[in-house]
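A short worksheet on the structure shown next.
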Amino acid sequence: MKITNNLFCILLITLIYSASIAQNNLYLGQTPPDEYAKRFPPTNYLANSQWFWHGSPCFSPDGSEMYWVKYFTSTNKTQIWYSKYANNSWSSPKQAPFAESQYKTNNPYFRNSNDTLYFYSTKPGAFIYYVTRLDTVWSQPKPLTIPIPNDKTPGSQFSFANSGTIYFELTNIGTSNTDLYYSVCLNGVYQVPINLGTSINSLVYDWSPLISGDEKTLFFSSNRDGGFGYNDIYCSKKNESGNWGTPINLTIRINGNSDDAFPYITPDNKYFFFTTAKASDNGYNPYWISINYINSLLTNVDDNSLLLNNFNLYQNFPNPFNPSTTIKFSLLTSDFVTLKVYDTLGKEITTLISEELNAGNHTKTFIASNISSGVYFYKLQAGKFSEIKKMVLMR
């Protein structure tokens, strides 16, 4: 009996150790982020002068594979690459076997299992293809037929709901206007795409959709007015009536003064990925943040209005700055608002806003043209709400 117990203990310890090894090597073995975004890839996966990331990484449901897209600057071409975890290590990056080199491929997307993967391709016949795997061998790409109107052209980004409904982007031919659409699958046949409407789409560029499995939450990128950079990531929720609420900006913790896009949530629902070009990076790289931060944002959002549940004054960006910086704030209700800048002695430098504003998200640019380097403060007053934050001008 003693021997049996010892063997059982040894087996148990071995299983626990193996599970620990597997857990520690998820996500290329990188240390997970907290509620502040951090750059994801290790050094040998970072963007460089030859290529940069075009999209966030896509992990297989079991976490043992990572597929992503390289944009090659010399050829203006995107190709899907992958790494696989085996024998206690991640393999060196390789081009995916189904990524036919004569075409651009993009947006790898696992759906339901480790052995079915969808992706975008410029191969004639469709814009979405899929491959299935038998043992370790991927099949030849097969087209997913979606009827695209003659006056529109599809983009490269898409995602699936649990029902099979697919969300994607279409651009009006001859224009730069891109909207988000969805197509329902009925009896195995995808129907004519339906525009998500003005509650989601703006008059400019709305793209890169990520739909939740239950179709109640939609993340996407947009270069609409009021953002922090060229493209920001937004989120909208469906209310009890089934209508999409006003999209909210995912705040300065995710959106910066550059180009933020390609939202992605990991299969274990623990992390939120996005891709951006930071000033400290050589091109676009993926960043990740705990899903707890995203959940906290959505928890403080009313399902009907999708406005933040209180007044918020955010940290200016960039900070330090020279000579301009952007200040963002949100209002729960319409109110008379003042936004002023002061020096360290409390002397008013300028009034940026003094007017009635509607509920929602607002931004204001401060251009420091006639003041010297140093610490300054900006104060937001909206009804009974008042808050002050510090900023640094560094010439």
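In this structure, the separation between CZ on Phe273 and OG on Ser56 is 7.5 Å, given to the nearest 0.5 Å. Rounded to the nearest 0.5 angstrom, Gln95 CD and Trp81 CH2 are separated by 6.0 Å. Atom CD1 in Ile291 sits 5.5 Å away from atom CG in Asn269 (nearest 0.5 Å). With rounding to the nearest 0.5 Å, the separation of NZ in Lys216 from CD in Glu240 is 9.5 Å. Atom CG of residue Asn177 and atom CG of residue Asp206 lie 7.5 Å apart, to the nearest 0.5 angstrom. For the atom pair Asp179 CG and Phe220 CZ, the distance stands at 10.5 Å (nearest 0.5 Å).
For the ring pair (Phe, Tyr, Trp, His ring centres under 6.0 Å) test, no residue two or more places apart in sequence or in another chain qualifies with Tyr293.
For the residue pair Tyr314/Asn249, the side-chain donor-acceptor check at 3.5 Å is not satisfied. Side-chain contact, Asn48 with Asn282: no donor N or O sits under 3.5 Å from an acceptor N or O. In this structure, a donor-acceptor pair under 3.5 Å is present between the side chains of Asp259 and Asn231.
Across every non-hydrogen atom of Pro57 and Pro286, the tightest pair is CD-CB, 3.7 Å.
Applying the side-chain hydrogen bond (donor to acceptor under 3.5 Å, both in side chains) test to every pair with at least one member in residues 320-329, sequence neighbours left out, gives these pairs: Asn316-Thr325, Asn322-Arg395. For residues 177-214, every residue pair satisfying the ring-ring contact (aromatic ring centres under 6.0 Å, His included) rule, not counting sequence neighbours, is listed here: Tyr167-Tyr182, Tyr205-Trp207, Trp207-Phe262. Within the structure, salt bridge (Lys or Arg N to Asp or Glu O under 4.0 Å) pairs that include any residue of residues 329-341 comprise Lys340-Glu348 (at least two apart or interchain).
Clustering of Ile, Leu, Val, Met, Phe, Trp and Tyr by side-chain heavy atoms under 4.5 Å joins Phe110 with Tyr67, Val69, Ile80, Tyr82, Phe98, Leu117, Phe119, Tyr129, Val131, Trp138. Apart from Leu134 itself, the hydrophobic cluster it occupies contains nothing, where clustering links Ile, Leu, Val, Met, Phe, Trp and Tyr at side-chain heavy-atom distances under 4.5 Å.
Between Trp68 and Pro108, the closest side-chain pair of non-hydrogen atoms is not below 4.5 Å. Taking 4.5 Å as the limit, some side-chain heavy atom of Val341 sits within range of a side-chain heavy atom of Leu352.
Taking hydrophobic clusters as Ile, Leu, Val, Met, Phe, Trp and Tyr residues chained together by side-chain heavy-atom distances below 4.5 Å, Tyr230 does not share a cluster with Tyr71.
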